[in-house]
Amino acid sequence: AAKPKLWYFHGRGRMESIRWLLAAAGVEFEEEFLETREQYEKLQKDGRLLFGQVPLVEIDGMELTQTRAILSYLAAKYNLHGKDLKETVRIDMYADGTLDLMLMVALAAFKHPEEKEESLALAVKKAKTRYFPVFEKILKDHGEDFLVGNKFSWADIQLLEVILTMEELDASVLSDFPLLKEFKTRISNIPTIKKFLQPGSQRKPPPDSHYVEVVRNILQF
Ligand SMILES: CCCCC[C@H]1O[C@@H](O)C[C@@H]1SC[C@H](NC(=O)CC[C@H](N)C(=O)O)C(=O)NCC(=O)O
């Protein structure tokens with residue numbers, strides 16, 4: 001079968017969680033990077049963007065947009081969603097929470113310097129006071145290696161991505177969360193994820209001023 005093809009900017013944004021899921025599932029994928037307004041307008045003109053937006057993922061003969069819909073499809077397809085509806089909705093809850101936090105970080109890149117620092121500091125505060133305490137408690141209460149059903153799932157991938165992203169902003173962010181520290185080591189050592197964390201993988205770096213400029217230019221905002 002053809003490899004999935006991802007259409008997005010050459011950066012993290014909303015697409016990074018999709019790259020993580022595919023990589024963790026051991027699925028090779030291709031990427032088309034939007035560098036110009038013309039490329040984006042062509043996708044729109046060709047009717048390939050349902051609501052005129054990216055991420056766009058070509059997979060199984062479909063053109064998928066809407067990040068959460070794409071992630072949910074991929075999680076189910078690669079057996080990273082729950083064994084039943086009750087597990088799946090918990091995985092969705094956990095994943096949605098991490099996506100909210102990730103978007104705060106992603107959008108901060110587009111703010112003016114002083115606002116950006118304030119937004120990133122708020123994201124770190126939210127991680128420490130709202131999100132990480134929840135996941136630390138889940139790991140404590142269930143005493144299992146994974147968040148749901150003691151089986152590796154999409155929720156675990158999202159949590160690792162958000163842990164690493166927050167550590168880029170504050171290296172001591174896990175200092176009060178010993179179980180999350182162990183979780184990070186455990187999940188980072190899963191072979192497909194270990195490979196994705198190595199240099200040369202399709203993982204993208206944190207957004208820089210060039211990336212912000214390109215996205216602003218393409219989206220004209
Ligand atoms: C560094 C991270 C990138 C920040 C900017 C991105 O975050 C998004 O808020 C904007 C972009 S992503 C690009 C943006 N896509 C979306 O907002 C998708 C939202 C959708 N609900 C989804 O989850 O996929 C876009 O195509 N906009 C054109 C426009 O709406 O006309």
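Ligands are counted one by one from 1 in listed order, and the atoms in each one are counted from 1 as well.
Under a 4.0 Å N-O distance rule, the pair Lys126/Asp100 does not qualify as a salt bridge. The existence of a salt bridge linking Lys204 and Glu31 is confirmed by a sub-4.0 Å separation between a basic side-chain nitrogen and an acidic carboxylate oxygen.
Nearest to atom 20 (C) of ligand 1 among the protein's heavy atoms is Gln66 OE1, 3.2 Å. For atom 4 (C) of ligand 1, the closest heavy atom belonging to the protein is Phe110 CE1, 2.8 Å. Counting protein heavy atoms only, atom 13 (C) of ligand 1 is closest to Val54 O, 3.6 Å. The protein atom (non-hydrogen) at minimum distance from atom 23 (O) of ligand 1 is Thr67 OG1, 3.1 Å.
Heavy atoms of Tyr40 found under 4.0 angstrom from ligand 1 belong exclusively to the side chain. Residue Leu107 touches ligand 1 through its side chain alone, judged by heavy-atom distances below 4.0 Å. Neither the backbone nor the side chain of Thr65 comes within contact range of ligand 1; no heavy atom lies under 4.0 Å.
Residues Pro4 and Glu30 are not in side-chain contact: their nearest non-hydrogen atoms beyond the backbone lie 4.5 Å or more apart. When side chains are defined from C-beta on, Glu63 does not count as touching Trp7, because their heavy atoms never get closer than 4.5 Å. Residues Glu118 and Lys111 fail the side-chain proximity criterion, which asks for heavy atoms closer than 4.5 Å. Between Phe29 and Lys5 there is no side-chain heavy-atom pair separated by less than 4.5 Å.
Taking all heavy atoms of Arg68, Arg14, Gln53 into account, the minimum distance to atom 8 (C) of ligand 1 is reached by Arg14. The residue from Tyr8, Phe9, Tyr211 that puts a heavy atom closest to atom 6 (C) of ligand 1 is Tyr8.
Remark: Lys151 engages no residue in a side-chain hydrogen bond (donor to acceptor under 3.5 Å, both in side chains) (not counting sequence neighbours).
The ligand atoms of ligand 1 that sit less than 4.0 angstrom from a heavy atom of Pro55 are 24 (O). Residue Ala106 has at least one heavy-atom neighbour below 4.0 Å for each of these atoms of ligand 1: 1 (C), 2 (C).
Using bins of under 30°, 30° to 60° and over 60° for the plane-to-plane angle, the ring pair His81/Trp154 lands in the perpendicular bin.
In terms of polar-atom proximity, defined here as any N/O pair under 3.5 Å, Gly13 makes no such contact with ligand 1.
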